[in-house]
K.L.:
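Take a look at the following structure, please.
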Amino acid sequence: MKNIVLIGFMGVGKGSIAREFIKISDYIAVDTDDLIESMQNRKIKEIFEDEGEAYFRGLEKNVGMWLENSVKNTLISTGGGFYKVENLKNIGTIVFLDSPFDSILKRIKKHPNATQKLKKRPLLKDLKKAKALYDIRRPEYLALADIVINVEKKSASECAEELLNKVGSNV
Ligand code: S3P
């Protein structure tokens with residue numbers, strides 16, 4: 001089994017889909033933000049505030065190297081900017097979770113912890129800037145993807161099923 005790497009914009013549902021996927025497959029799941037938070041013993045929001053974004057991107061790069069060299073048979077969910085690590089393609093099959101920006105916002109807002117979900121993401125503070133970032137990133141995500149899953153209007157478990165069917169021939 002090759003690693004599967006979920007990429008996509010903040011709030012698109014990478015973590016939720018990963019949690020559903022491990023229920024229906026033999027994969028173990030890890031999340032790059034969780035790895036960074038546990039290594040640093042502080043939240044992403046604090047890392048951004050204390051050290052700045054460039055420092056965080058350096059941590060993502062280190063995680064990317066470790067994933068390539070040491071991790072196998074794993075579903076890896078990533079932070080929305082992780083796709084920029086240079087070795088992304090060496091880590092595993094790249095799966096882009098695609099959704100329009102407005103649907104992503106709706107998804108976050110309907111969550112019981114919506115305020116928390118928005119607060120923990122420094123790059124979602126200013127929605128105009130977040131939309132501009134989305135517009136830059138979407139074509140970049142698409143260009144890197146081996147597989148694209150349109151997640152709009154689908155539950156996390158439906159997306160996980162689709163992922164399992166699509167990766168079947170790719171891993
Ligand atoms: C970021 C996305 C976040 C987190 C950090 C930066 C980004 O992860 O890594 O706040 O650059 O898009 P999620 O995609 O899980 O929100």
Side-chain angles (χ1 to χ4, degrees), residues 3-22 29-67 71 74-88 91-92 94-145 147-152 154 156 159-160 163:
N3 292 326
I4 301 168
V5 186
L6 298 185
I7 64 168
F9 203 67
M10 291 170 270
V12 77
K14 291 163 288 189
S16 312
I17 293 167
R19 284 185 288 277
E20 291 300 326
F21 189 75
I22 58 168
V30 297
D31 180 274
T32 59
D33 282 345
D34 291 347
L35 288 167
I36 289 172
E37 287 188 342
S38 68
M39 267 194 303
Q40 289 274 313
N41 194 27
R42 53 186 166 164
K43 298 288 179 195
I44 305 285
K45 185 173 171 280
E46 288 158 357
I47 302 173
F48 267 68
E49 282 165 3
D50 298 347
E51 321 280 354
E53 181 173 347
Y55 178 82
F56 174 74
R57 299 301 172 199
L59 298 173
E60 288 191 315
K61 199 172 153 191
N62 296 346
V63 170
M65 292 312 299
W66 173 75
L67 290 169
V71 174
T74 299
L75 176 73
I76 300 156
S77 56
T78 64
F82 184 84
Y83 75 105
K84 292 221 180 232
V85 299
E86 275 168 25
N87 66 333
L88 187 76
I91 299 174
I94 313 297
V95 179
F96 169 45
L97 304 180
D98 193 16
S99 175
F101 183 74
D102 289 347
S103 307
I104 293 177
L105 277 192
K106 268 188 212 146
R107 180 178 178 275
I108 296 175
K109 283 180 181 162
K110 77 167 193 223
H111 197 277
N113 288 335
T115 317
Q116 197 52 32
K117 294 234 161 231
L118 283 168
K119 256 206 210 149
K120 74 169 200 181
R121 295 181 163 102
L123 300 179
L124 273 186
K125 240 191 291 176
D126 178 335
L127 290 185
K128 223 169 136 191
K129 280 193 191 153
K131 170 72 168 79
L133 190 61
Y134 173 92
D135 288 340
I136 293 170
R137 282 183 177 176
R138 187 168 176 271
E140 296 178 347
Y141 290 136
L142 278 168
L144 284 164
I147 293 171
V148 178
I149 296 185
N150 183 343
V151 306
E152 194 188 10
K154 290 177 198 157
C159 295
L163 177 58

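Computed from heavy atoms alone, side chains included, the values below leave out hydrogens, waters and symmetry copies. Both counts, for ligands and for their atoms, begin at 1 and track the order of listing.
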K.L.:
Is there a polar contact between ligand 1 and Gly80, counting only N or O atoms under 3.5 Å apart?
P.N.:
yes
K.L.:
If you measure from each non-hydrogen atom of Leu123 to ligand 1, which part falls under 4.0 Å: side chain, backbone, both or neither?
P.N.:
side chain
K.L.:
Among Gly11, Ala130, Gly81, which one has a heavy atom closest to atom 7 (C) of ligand 1?
P.N.:
Gly81
K.L.:
Distance-only, no hydrogens or angles: does the Tyr141 side chain make a donor-acceptor pair with backbone N or O of Leu97 under 3.5 Å?
P.N.:
no
K.L.:
With a 4.0 Å cut-off, would you call Lys84 and Glu60 a salt bridge?
P.N.:
no
K.L.:
Can you pull out the closest protein heavy atom to atom 11 (O) of ligand 1? Residue, atom name and distance to 0.1 Å, please.
P.N.:
Arg57 NH2, 2.6 Å
K.L.:
Taking distance alone, with no angle check, do Arg121 and ligand 1 share an N/O pair under 3.5 Å?
P.N.:
yes
K.L.:
Check Leu59 against Ile36 and note the closest heavy-atom contact, atom names and distance.
P.N.:
CD1-CG2, 3.8 Å
K.L.:
Using a 4.0 Å cut-off to any heavy atom of Pro122, which atoms of ligand 1 qualify?
P.N.:
10 (O)
K.L.:
Counting only N and O atoms by type, is there a donor-acceptor contact under 3.5 Å from the side chain of Asp31 to the main-chain atoms of Asp34?
P.N.:
yes
K.L.:
Taking atom NZ as the centre, does Lys154 end up with more than 12 heavy-atom neighbours from other residues, nucleotides or ligands that are less than 6.0 angstrom away?
P.N.:
yes
K.L.:
So, Glu37 and Lys120, do they make that salt bridge, N to O below 4.0 Å?
P.N.:
no
K.L.:
For the salt bridge (charged side-chain N to carboxylate O under 4.0 Å, His left out) test, which of Arg138, Arg137, Lys131 pairs with Asp135?
P.N.:
Lys131
K.L.:
Specify the protein heavy atom at minimum distance from atom 5 (C) of ligand 1: its residue, its atom name, and the distance to 0.1 Å.
P.N.:
Ile44 CG2, 3.8 Å
K.L.:
In the protein, what heavy atom is nearest to atom 12 (O) of ligand 1, and what distance, to one decimal place, separates them?
P.N.:
Arg137 NH1, 2.6 Å
K.L.:
Does atom CG of Asn41 have more than 12 heavy-atom neighbours, drawn from other residues, nucleotides or ligands, at distances under 6.0 Å?
P.N.:
no
K.L.:
With only distance considered, is Lys14 within less than 3.5 Å of ligand 1 through an N or O on each side?
P.N.:
yes
K.L.:
For atom 15 (O) of ligand 1, grab the closest protein heavy atom and report residue, atom and distance to one decimal in Å.
P.N.:
Asp33 OD2, 3.4 Å
K.L.:
Contact between ligand 1 and Phe56 is defined here as a heavy atom of the residue under 4.0 Å from a ligand atom; is it met?
P.N.:
yes
K.L.:
Mind checking whether Glu37 contacts ligand 1 via backbone (N, CA, C, O), side chain (CB onward), both or neither, at a 4.0 Å heavy-atom cut-off?
P.N.:
neither
